[in-house]
Amino acid sequence: QIATEAKDLAARARARKLKPEEFQGGTFSISNLGMFGIKAFSSIINEPQGAILSVGAGEQRPVVKNGQLAVATVMTVTLTCDHRVVDGAVGARWLAAFKALIEEPLGLIL
């Protein structure tokens with residue numbers, strides 16, 4: 001049901017058919033330019049929201065694992081916080097928790 005509603009909202013947003021009450025009043029946004037191949041970017045917060053997460057493209061990059069050079073899929077995300085709402089240290093802890101869950105997604109269900 002959530003997926004169906006999300007697809008409907010996205011289609012109506014692209015067609016500029018959303019009513020203001022359907023996109024106002026949120027507290028957190030996610031902006032994804034990764035689907036366009038953008039590696040990293042910073043988003044501007046839409047008031048009255050407190051934060052926005054910018055999601056870049058996941059791509060194969062060289063990394064060091066256990067002292068050895070390897071290839072891994074890496075994604076860059078940037079969190080922008082309105083410091084009147086979210087303290088930067090709280091945002092940093094949120095990003096650390098997000099990173100841990102993205103790196104080990106089984107943690108979402110265990």
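Side chains of Thr73 and Gln60: a donor on one and an acceptor on the other come within 3.5 Å. Donor-acceptor pairing under 3.5 Å is recorded for the side chains of Ser54 and Ser43.
Residues Asn46 and Ser29 form a side-chain contact, since some pair of their non-hydrogen atoms from C-beta on lies under 4.5 Å apart. In this structure the side chain of Leu101 never reaches within 4.5 angstrom of the side chain of Glu103, judged on heavy atoms. Within the 4.5 Å cutoff, side-chain heavy atoms of Leu53 are placed close to those of Phe28. Counting only heavy atoms from C-beta outward, the side chains of Ile30 and Val55 approach each other to under 4.5 Å. Side-chain contact between Val77 and Phe98 is present, with heavy atoms from C-beta onward closer than 4.5 Å. Side-chain contact between Glu22 and Arg12: present, with at least one pair of heavy atoms (C-beta onward) separated by less than 4.5 Å. Put simply, the side chain of Val74 reaches to within 4.5 Å of the side chain of Val63, judged on heavy atoms.
Interatomic distance, SG of Cys81 versus CG of Leu95, reported as 7.5 Å (0.5 Å rounding). To the nearest 0.5 angstrom, Arg61 atom CZ is 6.0 Å from Lys39 atom NZ.
Asp82 places a side-chain N or O within 3.5 Å of a backbone atom of Arg84 that can act as its donor or acceptor partner.
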